Amino acid sequence: MSTANGQDLDALYQEIILDHYKNPHGKGLRGDADAAGTAEVHHVNPTCGDEVTLRVHLADGVVDDVSYDAVGCSISQASASVLHDLVVGKGVDEAMAIHQEFLTLMQGKGAIEPDEEVLEDGIAFAGVARFPARVKCALLSWMAWKDATARVTGAATGEGDKA
Amino acid sequence: MSTANGQDLDALYQEIILDHYKNPHGKGLRGDADAAGTAEVHHVNPTCGDEVTLRVHLADGVVDDVSYDAVGCSISQASASVLHDLVVGKGVDEAMAIHQEFLTLMQGKGAIEPDEEVLEDGIAFAGVARFPARVKCALLSWMAWKDATARVTGAATGEGDKA
Amino acid sequence: MTLEGLLPELAVIRKDFPILERTLAGGLPLVYLDSANTSQKPQVVIDTMVDHLERHNANIARAMHQLGAESTEAFEAARDKVAAFIGAPERDEVIFTKNASEALNLVANTLAWPGDRQVGPGDEVVITEMEHHSNIVPWQLLTQRTGATLRWFGLTDDGQLDLSAIDELITERTKVVSLTWVSNMLGTINPIAEITRKAHAVGALVVVDASQAAPQLPIDLAAMPAEERPDLLAFTGHKVVGPTGIGVLWGSRAVLDVLPPFLGGGEMIETVRMDVSTYAGIPHKFEAGTPPIVEAVGLGAAVDYLGHVGMEAIHRHEQAITAYALEGLQSVKGLTVLGPLDATRRGGAISFEVEGVHPHDIAQVLDSRGVAVRAGHHCAKPAHARFGVQSSTRMSSYLYTEPREIDALVEALEYTRSYFKLD
Amino acid sequence: MTLEGLLPELAVIRKDFPILERTLAGGLPLVYLDSANTSQKPQVVIDTMVDHLERHNANIARAMHQLGAESTEAFEAARDKVAAFIGAPERDEVIFTKNASEALNLVANTLAWPGDRQVGPGDEVVITEMEHHSNIVPWQLLTQRTGATLRWFGLTDDGQLDLSAIDELITERTKVVSLTWVSNMLGTINPIAEITRKAHAVGALVVVDASQAAPQLPIDLAAMPAEERPDLLAFTGHKVVGPTGIGVLWGSRAVLDVLPPFLGGGEMIETVRMDVSTYAGIPHKFEAGTPPIVEAVGLGAAVDYLGHVGMEAIHRHEQAITAYALEGLQSVKGLTVLGPLDATRRGGAISFEVEGVHPHDIAQVLDSRGVAVRAGHHCAKPAHARFGVQSSTRMSSYLYTEPREIDALVEALEYTRSYFKLD
Ligand SMILES: Cc1ncc(COP(=O)(O)O)c(C=O)c1O
Ligand SMILES: Cc1ncc(COP(=O)(O)O)c(C=O)c1O
C-alpha cells in the first residue's frame, strides 16, 4: 500500500521538478524595475504564504527577461524556473500561448496529456494537477508573469479573467 | 386524543382568565404621570409585540393605584387585570412579596402549587407556567409594575435582577 | 383531493422530510404551516451533513491533507451549486454568511467606511415599509452613524408598494435602494426590475432581500438585463430546506470589489503585517475565519434538492396551495387577510386577523390541534403598524404542504372561534 | 505504550469519533494531527444535531408552537451548557456568533461607534505579535477607521510575550488590550491574569482570544478575581469538538450593555419603527437574525461531552502527548521547534521547521503516509516573520490522540528526509 502512495508522490515530485528546485534557472532580480518595457509585481499565495517578486522586461514584442525572487515550496520554485526557461526569448504572443497551455494543464485535474513540444520540462507538472492544493503553488509565478506582462503591454488583467 | 389537548388548553385558558380578559379590572391610564409618587413605564414583549404602558402611584408606602393601557393576548391582558386587583391598596413591601410569589409560580414550569391566600385569582395562571412561550405574556405587566414601582422608590432594578 | 398545479409526486416528496412523520402531544400529526419562518429539511440534506462530519471533516483552504482537500472541494462545490441556483454571473460572487441578516448587515456596515460607495451626510438610503426588521435596522444604523437620511416607500391599502412618489424618493441623492422581493408578512411580490432600473438610472446601489423569494421563485440573475439586475442579493439557508448557520450574499464583482472589508481575520487576507494588511479577492475577502463549512455543504445539497424538484414546479405548487388557502381562510367568519388576495401575484405567506381573538390565542389553540403557525409581528412591525394592527397570525406553506393541511388549519380556526365563544 | 497522564479510556474515546476509523488513499489509516485547525466530532454531537433536524427543527423565540418551544428550549439549554463550560458569571452573557473571528470583530466593530467605550483618535489598542490574523485585522480596521493607534507586545526568542515594556505599552491611553490565551502557532500560554490586572488598572477593556485555550484548559470565569477576569472572551465551536458555524463571545454584562449594536435585524430589537428602533437586552441584542440553531445545539452536546471526559483530564492528556511529541520531534535531524519546549507550560500545537524541506513538501509527504498536519503560516504571519520564517509545519493533538500517532509522525518525518535525500 505504501507503494501506491509512494508512486503518487513520485508523480508529484518528478526528478525534473526536484532538479529545477535545487538549481533554479534565472533566479534573482535583474535589470531596473523602472526601466521602459519593465514591470514588477509581487504575488502571494494567501493560504500558505508563498511569495514571488517577479520582473518582466519586454523588448520589441519579445520577452527579453523574466527575473524573480521567490520563497516557497519545491513546486512553486521549480515552476518559476521552468517559466523562465519557457518564455524568455519568445514573442509575447507565443509566451502567452505557452502560459495558456500550462494553465490548462494545471486546471485539468490530471486528465490532460501535456504537449512536450510546447511545455518542455513543464510536462513534469502534469502530476501536480492531481493535487488540487498544489496547483496554486505551480501557478504562483505564472500568474505573476501574466500580470506583469499585461502591465507592460497595458492589457487588462486581474481577478476578472480567472473565471 | 383531542380531548387530552382540549384539557391542556383548558388548563391554560381557565374561566377566571377569560373573565379577566373580557372584563379587565383597572384598565385605562389614570392620574398624572408627572405627579409625585408616580412613575410610568412602557414595556414590550419583543418577540410578539405585546405592549403595556403602566402607571404606578404610591402614597405613604401604599400602592394607591396601578393604571394601564395594554394591547396583547388574553393571558397578558388578564394578568394585568389580576395584578391590579392584587396590589392596589397593599403596602409596597407586601405587593413586592406578591410579585415574587407570582414570578415564582410562572417560572416553576407547572411544578409549583400556588397559594390562593396570596394570589387569589392569580392561581388561575398556574397552567400558564406549563407553556413556556406564554410565561412572558403573563409576566409583561408584572415586570412593568416592578420597574415602575422601583422608579418611584428609587430602588435599583432592570435587567440585572432577572437572573 | 388534488388541485391543479400541485407537485405531482407530493406524497413522495413528503417522505423526504422525516419531521413530517412526527406526532405532537396527544399523538396528533404535525401540520407544519410555518415554513416562511423556517423550512423543514429533507433527509438528503441531513445525510450529506452527517457524511461530511463523519468522513470528511477538516478545515478548508488552509489544510493540505486529504481530508482538507475533500472538505475544501465539498465547500467550494456548494458555492458552485448556490451560484447555479440563483444564476449568478460568476461563482466567486457568491459569499457565504451566517444568515440573511448578516448578508444585509455586511453591505450596510461596509458602506459606512471609506470607499467608492461610502454613504455620508446628505446621502439617502431608500427602503420600504414592508421590510423585515433585518432590512430596516441595518439601514437605520448606517444612516444614523453616517449622517445620511433614511427614506422609504409606503404601502397601498391592498398591500402593494406605493410607487406613486417614486420620483421624489429615488433621486440623485439616493445612494442605496434596499427592498424585499417577496414580503414575509403580506406575501406581496415587488416589482424588483422596475425599481432597479429607476435606481440604476440615478447611480444608486440596489440590494434585494430574497429571503422569501429564493424558496419560491426561480431566480436567474445572469438572465436579467444588466440595468434591471440588483447589485446585491441576500437570502438565508434555513428557508430553502438548508440548515441554519448559513446565508448567502450575492454581489456583482464590480460592487463587491469596491466595498471595504467587513470582518477581518483568517482567510480574508492576502498578507498580514502588524501595521497593515492587504486583502484577498472575492469571495474570500468577505469570509473571515472558518466559514460554516458543513452548513455550506448542507445548503449545497438543499439547493440541489430544490433544483431536482424544479423551482418552476415548486412555484406552481406554492401558488396552488396559496390560492386554496386564501379561499379556505376567507370562509372563516371574522377573518381578514392582510395583503394581496390574488395567489398568482403573491408569495405563500398569508397573515390574517380574526376579529375577537388575539393572534397568540389563535396560535395556541391551533397548536393544541397540531397546526403550527406563527403569531406576532413576524419581524415586520412597521408593516403591521401600517395596517393598524399590532400582530397577526401567519400561515406559510412550502413544497411539502398538502391541501388537507389547509383544511386542518381552517377547521382549527373554526374550533378557535367556538373555543373563545365568538358568536 | 502508555504515558503518564493519558486519558485512561483513550481507546473508548477514540471509538466516539467515527472519522478516526476512516482510511485514506492506499488504504492507509488516518493519523489526524491537525486538531488546532479543527477538531473531529464525536458521534453524540452528530446524533444530537440529526435528532434536532429530524424531530425538533423550528425557528426559535418567535415560534410559539410545540416544535418552536422544543427548538427554543434546546437552543437556550445550549447557552446554559456553554455558560457552565466557561464558568460564566451569568448565562445571558453568552452570545452565539458564527465563529471566533466574528466574536472578535463584533467587539472591534462596535467600539468604533458612539458609546461609553468608543475608541477615537489618540486612543491606543494593544495586541501581541503572536496573534491569529483574526485578532489582528479587526483591530487594524478599528484603529485605521477611528484614528486610534495600534500597538503590540513583541516576542522573546523562546516564544514568550516580551513583557519588559509593559509599562510603556499599557498606559492611560490604552482603551483595549486584546490577546490570545494560547498561541495557535507557538503553543505559548500567556499570563492572562497578570496582563488583565495591568490593563484594568488603567481602565482598559481586556479581550481574550480563547480559541486555542477553550479546547484544552479548564476555564472558570466566575472563579477569577474581578480584576483579573477579562471583559470579553471568544472561542469557536469547531475546535471544541462542536460543529462549524458557531462561535461564542462571552462578555461581562456591564460591558456588553454599553456596546452599541453590531448586526441589526430580527431578534435583536425591542421595538422597530421606520425612523428609529430600540434594542433588546443581552444576549439577544447581539444575535440578529435566525441564529445558528442546530449548531448551538451541537455545541451544547460538544461541551457536555468534554465536560464528561473532564477538562482537567483532557488538559493532562494534552500535556502528556505534547511532551511525548516534543521529544519525538527533536529526535529528527535538522528539525527545530518554534516556541516553548516545556510541555507543562504550553498548549498542544507544535510548529517546526526541517532544514532543507519546505513545509508544504513535508506536509505532502506526511499526507502520503496518512499523517494530516498543517503547513503554512497558520494565520499567524507576523509571528512567523518574528522568527524569520515564512511558514512552518504544525502538528496538533487532541483528546483522541494516541502516542502511536506521534510515532507515525516521527517516522513519516524521517521518511520525508530520506525522500528529499537530505544528508
Ligand atoms: C488563536 C485563534 N484565534 C482565532 C481563530 C479563529 O477561529 P475561527 O476561524 O473559527 O473564527 C483561531 C483558529 O483558526 C485560532 O487558533
Ligand atoms: C424577508 C426576510 N428578510 C430577512 C429575513 C432574515 O433571515 P435570517 O433570520 O435567516 O437572517 C427573513 C426571515 O426571517 C425574511 O423573511
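Predicted model, so just to flag it, every value in this text is computed and none were measured. Letters go in sequence order (proteins before strands), and every chain restarts at 1.
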#### Entry: Beyond-backbone contact of C:M64 with D:D367, side-chain heavy atoms, under 4.5 angstrom
no
### Query
Considering residues at least two apart in sequence or located in another chain, which fulfil the ring pair (Phe, Tyr, Trp, His ring centres under 6.0 Å) criterion with C:H360?
C:H358
#### Entry: Sub-4.5 Å side-chain heavy-atom contact between C:E267 and D:H133
no
### chain C contact via D:T146 - which portion, at a heavy-atom distance below 4.5 Å
neither
#### Entry: Portion of D:R145 that has a non-hydrogen atom of chain C nearer than 4.5 angstrom
both
### Message
Taking side chain as everything from C-beta outward and backbone as N, CA, C, O, which of these in D:L150 sits under 4.5 Å from a heavy atom of chain C? Side chain, backbone, both or neither.
### Response
side chain
### Task
Please list, chain by chain and in numerical order, all residues satisfying ring pair (Phe, Tyr, Trp, His ring centres under 6.0 Å) with D:H56, sequence neighbours excluded.
none
### Message
So for D:I136, is it side chain, backbone, both, or neither that comes closer than 4.5 Å to the heavy atoms of chain C?
### Response
side chain
## Note on the structure
From the list C:N59, C:N57, C:I293, side chain to side chain contact (heavy atoms under 4.5 Å, CB included) with D:H238 holds only for C:N59
### Query
Given that the side chain runs from C-beta out, which part of D:S39 has a heavy atom under 4.5 Å from chain C: side chain, backbone, both or neither?
backbone
### Message
Between D:V45 and chain C, with a heavy-atom cut-off of 4.5 Å, which part of the residue counts as in contact: side chain, backbone, both or neither?
### Response
neither
### Message
I'd like to know whether C:K41 forms a side chain to side chain contact (heavy atoms under 4.5 Å, CB included) with D:L53, so could you lay out the CA-CA distance, the side-chain angles of the two residues, the decisive distance to 0.1 Å, and finally the verdict.
### Response
CA-CA 7 Å; C:K41 319 304 169 204; D:L53 290 170; 4.0 Å; yes
#### Entry: Under 4.5 Å from a heavy atom of chain C, the part of D:I246 involved
neither
### Task
Would you mind checking which part of D:F262 comes under 4.5 Å of any heavy atom in chain C, side chain (CB onward), backbone (N, CA, C, O), both or neither?
both
